[in-house]
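Everything on this sheet refers to the single structure shown next.
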Number of protein chains: 2
Amino acid sequence: MSKVPWMENEEIAMLVYPGMTVMDLIGPHCMFGSLMGAKIHIVAKSLEPVTSDAGLTIVPDATFETCPRDLTVVFAPGGTEGTLSAARDPETLAFMSDRGKRAQYVTSVCSGSLILGAAGLLNGYKATSHWSCRDALAGFGAIPTDARVVRDRNRITGAGVTAGLDFGLSMVAELRGQIYAECTQLMGEYDPDPPFNAGSMETAPVDVKQAMIDMAADFRRKAEDLAASWRG
Amino acid sequence: MSKVPWMENEEIAMLVYPGMTVMDLIGPHCMFGSLMGAKIHIVAKSLEPVTSDAGLTIVPDATFETCPRDLTVVFAPGGTEGTLSAARDPETLAFMSDRGKRAQYVTSVCSGSLILGAAGLLNGYKATSHWSCRDALAGFGAIPTDARVVRDRNRITGAGVTAGLDFGLSMVAELRGQIYAECTQLMGEYDPDPPFNAGSMETAPVDVKQAMIDMAADFRRKAEDLAASWRG
């Protein structure tokens, strides 16, 4: 274990905004939290508390102005209406574009890739998203790709919500190597055992699938409208 | 799908405290968030923001006084030093004991079961915890049990950190049935695919295991001291 780089000094910025899905943020945060010496910045427009789609309120600790300019990782979580608003907000896009241009890794989980796309950061890159809006990424010049974690050069995007754990653990391995990531995995007891097998479009029962496709139809349409109106 | 109970009115109280592991809270919260009509209360001693072990700050929305008295689910997340402090705090224990006596389900993830134990809620019950402190539960009269999710009558406890997703999805099925839970699973794209296989004591490489056992030794000892000093 002597070669494991226990202490490093990565600068990781995680965007937060009203209406985000908090699990999109916390899956990766749980894994990044193991990076001894790294600094994690919870970044928003202001330091006002931000309430998630499910009602959980988080306090940012950095603003678009105070967040370090040169980042190891810049990250965007997803959501539904809140994400569409963030992906239309000029200040948010200016921040993501500025930090994204210089960051070592440009990343997202779930529909957070819509924000990367709207900021012009996915043009020509393979990327993924929540199943409900993955295809919309094409409107931003991206190549929608169906996988749990998609990497194209320094763009690393995760699929929906809970994919943030797989994304986060992959990032830990990328930053610190496999042994460090395995330590993180054991401490987080990440040995998943879902009681059902309905977590993907391939495995979900047909009636469950149809009900959720119907439930997500309005969001899918709005995501497609957003991407279609994008001018890179 | 016509028999799915889309709207119910569960009252779910999730304890938060300084130094908790935020993923312990958010895994279940992510699943509970799908329960249309349910109320989720983020409960602490006061409404002051609470900072997690990894530095994320959350704002409670209820106090021990304002939290409803009769709950469907009462839940405690884990952590390390912060959890040991919460499990020694008379007000926290009085709250958990009072709500726990009358709640339909008494639950935890990770070392949150130390708090249930200290509140006298696991005496005579099978329960689990993070691998580092599971055996300490015996000091509270519990029967330490090695499984991802352990149920004994109305006590439902999850293993370490990320087990909160499996716990939460099991709870959704318990409250609303399997079809509803499968819908939740698909929306959360809970189709885990860890990049490594080091998430449990059974699968982790031997050097990773030893390093993490060593790292957790101090916490294990303190958890055992806490449980040994418990008088039920």
Side-chain angles (χ1 to χ4, degrees), chain A residues 1 4 21-23 25-27 29-30 32-33 40 42 49 53-59 61 110 130-131 148-149 159-163 165-166 169-170 173 178-179 181-183 185-196 198-205 207-209 211-212 215-216, chain B residues 1 4 21-23 25-27 29-30 32-33 40 42 49 53-59 61 110 130-131 148-149 159-163 165-166 169-170 173 178-179 181-183 185-196 198-205 207-209 211-212 215-216:
Chain A
M1 305 290 288
V4 172
T21 296
V22 75
M23 180 65 205
L25 177 80
I26 299 304
H29 188 276
C30 155
F32 291 153
I40 303 178
I42 304 295
D53 55 0
L56 196 92
T57 300
I58 282 177
V59 187
D61 55 34
C110 199
H130 191 269
W131 55 260
R148 194 80 176 152
V149 179
V161 195
T162 57
L165 290 169
D166 301 321
L169 194 54
S170 303
Q178 179 171 340
I179 293 175
E182 288 175 332
C183 291
Q185 185 178 7
L186 183 57
M187 272 304 196
E189 226 170 316
Y190 188 40
D191 181 34
D193 186 18
F196 311 110
S200 80
M201 281 292 158
E202 284 66 45
T203 59
D207 53 351
V208 165
K209 214 164 91 166
M212 293 305 100
M215 190 179 275
Chain B
M1 305 290 287
V4 172
T21 296
V22 75
M23 181 64 205
L25 177 80
I26 299 303
H29 187 275
C30 157
F32 292 153
I40 304 178
I42 305 295
D53 54 359
L56 196 91
T57 300
I58 282 177
V59 187
D61 55 33
C110 200
H130 191 269
W131 56 259
R148 194 79 176 153
V149 179
V161 195
T162 57
L165 291 169
D166 301 320
L169 194 53
S170 302
Q178 179 171 342
I179 293 174
E182 288 175 331
C183 291
Q185 186 178 8
L186 183 56
M187 272 305 196
E189 229 171 314
Y190 188 41
D191 182 36
D193 186 18
F196 311 110
S200 79
M201 281 292 159
E202 283 67 46
T203 59
D207 54 352
V208 165
K209 215 165 91 166
M212 293 304 101
M215 190 179 276

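Just so you know, these numbers use all the heavy atoms, side chains as well, and skip hydrogens, waters and symmetry mates. Numbered from 1 within each chain, the chains take letters A, B, ... in sequence-line order.
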**Complete:** Residue set satisfying side chain to side chain donor-acceptor pair (under 3.5 Å) with B/Asp166, at least two apart, ordered chain then number -> B/Arg148, B/Tyr190
**Request:** Any chance you could measure A/Asp191, atom CG, to B/Met201, atom CE, to the nearest 0.5 Å?
**Result:** 11.5 Å
**Message:** Taking every non-hydrogen pair under 4.5 Å, which of B/Ile40, B/Ile42, B/Leu165, B/Val149 racks up the most with chain A?
**Reply:** B/Leu165
**Asked** Under a 4.5 Å heavy-atom cut-off, does chain A meet the side chain of B/Leu186, its backbone, both or neither?
**Response** both
**Request:** Say whether, by atom type as modelled, one donor and one acceptor occur between the side chain of A/Glu189 and the main chain of B/Trp131 under 3.5 angstrom.
**Result:** yes
**Message:** Whether the side chain of A/His29 engages the backbone of B/Met23 through a donor-acceptor N/O pair (distance < 3.5 Å, no angle test) should be reported.
**Reply:** no
**Request:** Mind ranking A/Ala216, A/Pro194, A/Ala204, A/Ser200 by heavy-atom pairs under 4.5 Å with chain B and telling me who comes out on top?
**Result:** A/Pro194
**Fill in**
In terms of heavy-atom pairs under 4.5 Å with chain A, the winner among B/Gly33, B/Pro195, B/Cys30 is B/Pro195
**Request:** Under 4.5 Å, counting heavy-atom pairs only, tell me which of A/Glu202, A/Met215, A/Lys209, A/His130 racks up the most with chain B.
**Result:** A/His130
**Asked** Listed by chain and number, what are the side chain to side chain donor-acceptor pair (under 3.5 Å) partners of A/Asp53, not counting sequence neighbours?
**Response** A/Thr21
**Message:** With a 4.5 angstrom heavy-atom cut-off, is it the side chain or the backbone of B/Ile58 that approaches chain A, or both, or neither?
**Reply:** both
**Message:** So does A/Val59 get a backbone contact from the side chain of B/Thr57, meaning a donor-acceptor N/O pair under 3.5 Å?
**Reply:** no
**Asked** Is it the backbone or the side chain of B/Ala159 that comes under 4.5 Å from a heavy atom of chain A, or both, or neither?
**Response** both
**Prompt:** Hey, which of A/Gly188, A/Gly55, A/Cys110 has the most heavy atom pairs under 4.5 Å with chain B?
**Reply:** A/Gly188
**Prompt:** Does the side chain of A/Val161 come within less than 4.5 Å of B/Met187's, by heavy atoms?
**Reply:** no
**Prompt:** If you tally heavy-atom pairs under 4.5 Å against chain B, which of A/Pro205, A/Gly27, A/Ala173 wins?
**Reply:** A/Pro205
